[in-house]
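Taking it in order: structure first as structure tokens, then the write-up.
Naming convention: chains lettered A, B, ... in sequence-line order (proteins, then strands); numbering from 1 in each chain.
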Amino acid sequence: MADTSINIRRIIVYGIVWVVAAAWLFPLVVVILNSLRTAEEIAQTSMIGWPRVWAWGNYTQAWDTYCIAQTCSGIRPYMLNSALVTIPATLISTLLGAVAGYAVSLWRFRGDSWIYGIVTIGIFLPQQMRLLPWTLVLRDLGLTNTLAGLVMIHTIQGMSFTTLFCRNYYVSIPADLMKAAKIDGAGFFRIFWRIVLPLSPPILIVTVIWQFTHIWNEFLYGVTFTTGTQQPVTAALIALATSVADVPQHGIQSAAVVVAALPTLLVYLFGGRYFVRGLTAGAVK
Amino acid sequence: MSALVIRDLHKRFGTTEVLKGINLDIDSGDFTVLVGPSGCGKSTLLNIIAGLETASSGDIEIGGRLVNAIPPKDRDIAMVFQTYALYPSMTVRQNITFGMECRNVPKAAQNQAVERVAKLLQIEPLLARKPAQLSGGQRQRVAMGRALVRDPKLFLFDEPLSNLDAKLRVEMRMEIKQLHARIGTSIVYVTHDQIEAMTMATRIAVMHQGEVQQFADPDTVYNRPANLFVARFMGAPPMNTVMARIDAGAVVVGDIRLPAPEAAAAWQGREVVLGIRPECIAEPTRLFGDGSAPIVITAPVEMTEPTGAETIVVMRLGGEKVLGRVAPDTRLANGATARFAVDTRKLCLFDPQTERLIA
Ligand SMILES: Nc1ncnc2c1ncn2[C@@H]1O[C@H](COP(=O)(O)OP(=O)(O)OP(=O)(O)O)[C@@H](O)[C@H]1O
Ligand SMILES: [Mg+2]
């Protein structure tokens, strides 16, 4: 009796899990399949279907010949833009967040909790609210429509998260460790470099993955602050989707989407388990 | 000369006063143990001496130099922590040399210093390991090594043995004591274990609720406790304290009369608290010290606890529970009335109001 009721319950739970997983995976599967179908095939049949012939050519076209808003260079230059924004912004915001998190967690100074509060409030401000201030800042710094401008925005805004992550990780570093280092004569940066940073890989992996996926996938700042050839790939994809071709090029567009999503998918595939591990890890076991 | 002088030191965390006017003058070469129950402010005091915490008021002098405004690294101290605080990502060797690295000591001198300390503490085979690859006892040694390599004016130890198992603790206790005898540097050692205090210290400061209750050599602290707190804190089992009355040169507890110390004359007819160590109550055949026949009393036995080396007897004295320590082969029935020899040379009398020692 008890056994069967447990089994039924288990079947229901698994059923729900599978349905949810399928709902999540469905768009991804459709896009990947369409990226391998020709435009004619999609037009003649439907958006959902198994490729009759494998149209690998979609990928080469999407990569460097397809036209996006009068520029026929595929998504390659935009991918490069995204990389040039995402990589520096990820590294700089992670490093600064680590230093800031270290400062507010392991050093007591006047106003430390205020600074921490102000930095992390950025997490809760809606993105739209920040558009206008950033527009003014970019204009005054002469960084409108530049990749450097996007790097700056993502670095500064990312620090809310990176500081939070690192601070929460560093508070578990025992106070005695800091005391011992101070008696040994080490200062702020030496303690950071020699003692704190070597303990940090788990949380640095978390912040790097987090920052990378968020900055790469970010779209609003991309379309707002850059135009034409300066756009990151997320913004360019919109231009691509709205481009008026004679025949809708769903195959090529799907291929472009898959390529644009590839970096974050790879990060997830290779880094996902470190992400979970790092989030639950303490600094010193 | 004084290795450490603490003058009228106060520490407040917000509105709670944790240290309430500490005064200590520690001679050079002394092994001073700060002992007291958990939360009495020992670690806070040690951290203030080290400069890791700032005092609310008061002065600290190390080696004759006022250090109030001097950062920890320039105070000429070394510290060993209860948690050892070894740097997890560094090898044992790097842990020991980190302080020298920060002070730009040349590599050759660093290596020499490591060899010296590693030999002293017998940790040579461990030098290449990380702290996670060491046992508790080995970590403790490395933590000591990190302090010893410094050759400072003053060593500060904050309960360095409390994370070790009982056997290792006894071993390390001996070793630290020998080490002190060998190097002769002043040590301030914090513990809440009164046995550690008794065995290691040349001077003991007993702390309670942010105040030093008594600062004296172990013998004085044990035999002439300054007040009831010290009497009840030191010793295992601690000193018995029972209400008594002074009457015509005798201390009267219930129907028992013991010869009173001379200084008790001023308390004629008044109530006092009698303090008597358990080892001063023994089997009736025991001869204490000078070989003269001891005073023998009778008391009802409540319970006995054989420990192997001796037997602890719980008895009633003047209606209060009192412990005695008798020879291990003594057989006493629960509830029976038995005879006990009392060592009356070591009686202590306390003022019941102020709780201070009067005689
Ligand atoms: N940063 C702090 N803020 C507020 N109160 C504190 C702080 N540090 C210590 N205290 C309080 O001060 C008192 C003394 O603490 P301390 O650590 O010095 O005790 P201790 O004698 O070392 O005890 P233990 O034997 O448990 O280590 C305690 O009541 C503690 O709660
Ligand atoms: Mg303590």
Does any part of the side chain of Tyr87(B), heavy atoms only, come nearer than 4.5 Å to the side chain of Ile191(A), both counted from C-beta? no

Glu101(B): salt bridge (charged side-chain N to carboxylate O under 4.0 Å, His left out) partners, not counting sequence neighbours: Arg190(A), Arg194(A)

What verdict does the side chain to side chain contact (heavy atoms under 4.5 Å, CB included) test give for Asp184(A) and Lys73(B), after you've listed the backbone C-alpha separation in whole Å, the side-chain angles of each residue and the deciding distance to 0.1 Å? CA-CA 6 Å; Asp184(A) 265 342; Lys73(B) 69 182 168 82; over 6 Å; no

Answer yes or no: are there more than 12 heavy-atom neighbours, outside Phe109(A) itself, under 6.0 Å from its atom CZ? yes

Over 12 foreign heavy atoms within 6.0 Å of CH2, Trp193(A): no

Does atom CZ of Phe188(A) have more than 12 heavy-atom neighbours from other groups under 6.0 Å away? yes

Select one option (side chain, backbone, both, neither) describing which atoms of Asp158(B) are under 4.5 Å from chain A's heavy atoms. neither

When you compare the side chain of Ile195(A) with that of Phe98(B), does any pair of heavy atoms fall below 4.5 Å? yes

Would you mind telling me which of Gln82(B), Arg146(B), Arg103(B) has the largest number of heavy-atom pairs within less than 4.5 Å of chain A? Arg103(B)

Measuring only between side-chain heavy atoms, which start at C-beta, is Leu177(A) closer than 4.5 Å to Pro88(B)? yes

Rounded to the nearest 0.5 Å, the CG atom of Asp176(A) sits from the CG atom of Leu52(B) at a distance of 9.0 Å

What part of Arg150(B) lies closer than 4.5 angstrom to a heavy atom of chain A: side chain, backbone, both or neither? side chain

Provide the closest heavy-atom pair for Ile183(A) versus Ala50(B) in the form atom of the first, atom of the second, distance. CD1-CB, 4.2 Å

Across all chains, not counting sequence neighbours, the side-chain hydrogen bond (donor to acceptor under 3.5 Å, both in side chains) partners of His192(B) are Glu159(B)

Measure the CD-NZ distance between Glu53(B) and Lys179(A) for me, rounded to the nearest 0.5 Å. 6.5 Å

Please state whether the side chain, the backbone, both or neither of Met100(B) comes within less than 4.5 Å of a heavy atom of chain A. neither

Is the CG atom of Leu269(A) crowded by more than 12 outside heavy atoms at less than 6.0 Å? yes

In terms of heavy-atom pairs under 4.5 Å with chain A, which of Pro72(B), Cys102(B), Ala85(B) leads? Cys102(B)

So for Ala175(A), is it side chain, backbone, both, or neither that comes closer than 4.5 Å to the heavy atoms of chain B? neither

Which portion of Ile77(B) sits near chain A, non-hydrogen atoms under 4.5 angstrom: both

Using a 6.0 Å cut-off, check whether atom CD of Gln112(B) has over 12 heavy atoms from anything other than its own residue. no

If you check every heavy atom in residues 149-157 of chain A against those of chain B, which residues fall under 4.5 Å? none

Option among Pro198(A), Pro201(A), Ser200(A) that satisfies the side chain to side chain contact (heavy atoms under 4.5 Å, CB included) test with Ser89(B): Pro198(A)

Residue list, side-chain hydrogen bond (donor to acceptor under 3.5 Å, both in side chains) with Asp74(B), at least two apart or on another chain: none

